[in-house]
Amino acid sequence: MTSQNLSTRPSSAPPRRSWPGLPWLAVVGLALLAVPRVVLHDLDLIHEGTFVNLLFVVVPPLVWILVVLLARVPRPFLTVLTIGAVHGVLLALTHQLLWGAAFPGGSPRLGGNLAGLDPLLQEVLVRAAAVMSSLVTGLVVGVVVGLVAALLARVAGSARAVSAR
């Protein structure tokens, strides 16, 4: 078998994009943009309601949208949803790694009928709830930002079509 038979695509053809529309390294890199806020928040270095926190919350999703629009990915919603899902995993992992720093007095405890549970079981339940919350947060951010990206991509595509006439 010759080297010509190994490739089914001519070398001059652009690389084929498949799901998620960007290289996986780019998806992970874009999701990582949101991690500094998580770290700074868990270390109690930034606080909700401040302008600095707002920047750390808003800038990463804006970069996600910008990259997806500039790359003209075929399915911007799916691409940004994937970035959001990876963000959720990174959010969960970061919260778990910084758990002791976020809760220096010990993990939050359950109340009501669950207050009498073994403290170790309570910690497992609280940490599991935090993981689920992080995953859902990542997905919700991905959905909302993905919808914005898809809408902007559609508007940009329409504008390109009109200007090409």
Side-chain angles (χ1 to χ4, degrees), residues 15-154:
R16 197 172 57 105
R17 288 190 204 163
S18 60
W19 180 80
L22 290 172
W24 277 101
L25 186 59
V27 169
V28 172
L30 289 167
L32 280 168
L33 291 176
V35 171
R37 187 225 168 254
V38 180
V39 171
L40 294 172
H41 180 266
D42 282 2
L43 296 177
D44 202 30
L45 297 174
I46 62 171
H47 304 281
E48 307 228 359
T50 64
F51 180 70
V52 172
N53 184 66
L54 179 66
L55 287 176
F56 276 98
V57 168
V58 172
V59 170
L62 289 177
V63 172
W64 299 355
I65 292 169
L66 184 64
V67 168
V68 165
L69 293 177
L70 291 175
R72 294 184 183 175
V73 298
R75 292 182 293 267
F77 175 78
L78 181 60
T79 301
V80 176
L81 177 62
T82 304
I83 296 167
V86 173
H87 163 61
V89 170
L90 294 172
L91 180 63
L93 181 62
T94 305
H95 280 318
Q96 294 302 310
L97 291 173
L98 295 175
W99 193 266
F103 303 109
S107 290
R109 295 287 170 223
L110 300 174
N113 293 337
L114 301 176
L117 287 177
D118 178 79
L120 180 61
L121 180 57
Q122 285 192 41
E123 181 159 353
V124 168
L125 291 173
V126 171
R127 282 179 174 250
V131 167
M132 292 305 299
S133 174
S134 296
L135 297 175
V136 169
T137 297
L139 287 173
V140 168
V141 169
V143 165
V144 171
V145 177
L147 287 171
V148 171
L151 178 66
L152 291 174
R154 180 168 286 202

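- Under the salt bridge (charged side-chain N to carboxylate O under 4.0 Å, His left out) criterion, Arg109 pairs with no residue, sequence neighbours left out.
- Here the shortest heavy-atom pairing between Leu69 and Ala149 reads CD2-O, 3.8 Å.
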* **His95 and Val38: CA distance, side-chain angles, deciding distance, side chain to side chain contact (heavy atoms under 4.5 Å, CB included) verdict** => CA-CA 7 Å; His95 280 318; Val38 180; 3.6 Å; yes
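- Not a single donor-acceptor pair under 3.5 Å links the side chain of Thr94 to the backbone N or O of Leu91.
- Between atom CZ of residue Arg154 and atom CZ of residue Phe77 there is a gap of 13.0 Å, rounded to the nearest 0.5 Å.
- Atom CG of Leu25 sits in a sparse spot, with 12 or fewer heavy atoms from other residues, nucleotides or ligands closer than 6.0 Å.
- Put simply, the residue from Ile65, Val80, Leu62 that forms a side-chain contact (heavy atoms from CB on, under 4.5 Å) with Val148 is Ile65.
- Expressed to the nearest 0.5 Å, how far CZ of Arg37 lies from CG of Leu40 amounts to 9.0 Å.
- Side-chain contact between Glu48 and His41: present, with at least one pair of heavy atoms (C-beta onward) separated by less than 4.5 Å.
- Atom CG of residue Leu22 and atom CD1 of residue Ile83 lie 6.0 Å apart, to the nearest 0.5 angstrom.
- In this structure, the side chains of Glu123 and Trp99 come closer than 4.5 Å at one or more pairs of heavy atoms.
- The nearest pair of heavy atoms linking Val27 to Pro20 is CG2-CG, 3.7 Å.
- Side-chain atoms of Asn53 and Thr50, non-hydrogen and from C-beta on, do get closer than 4.5 Å to each other.
- To the nearest 0.5 angstrom, Leu139 atom CG is 11.0 Å from Ser134 atom OG.
- Gln96 contributes atom CD, which lies 10.0 Å from atom CG of Asp42 (distance to the nearest 0.5 angstrom).
- Taking each heavy atom of Ala150 and Pro76 in turn, the nearest pair found is CA-CG, 3.8 Å.
- Of all the heavy atoms in Ala101 and Leu43, the pair that sits closest is CB-CD2, 3.6 Å.
- Atom CG of Asp118 has more than 12 neighbouring heavy atoms from other residues, nucleotides or ligands inside a 6.0 Å radius.
- Counting all heavy atoms, side chain and backbone alike, Leu30 lies closest to Trp64 at O-NE1, 2.8 Å.
- Atom CG of Leu135 sits about 6.0 Å away from atom CE of Met132, to the nearest 0.5 Å.
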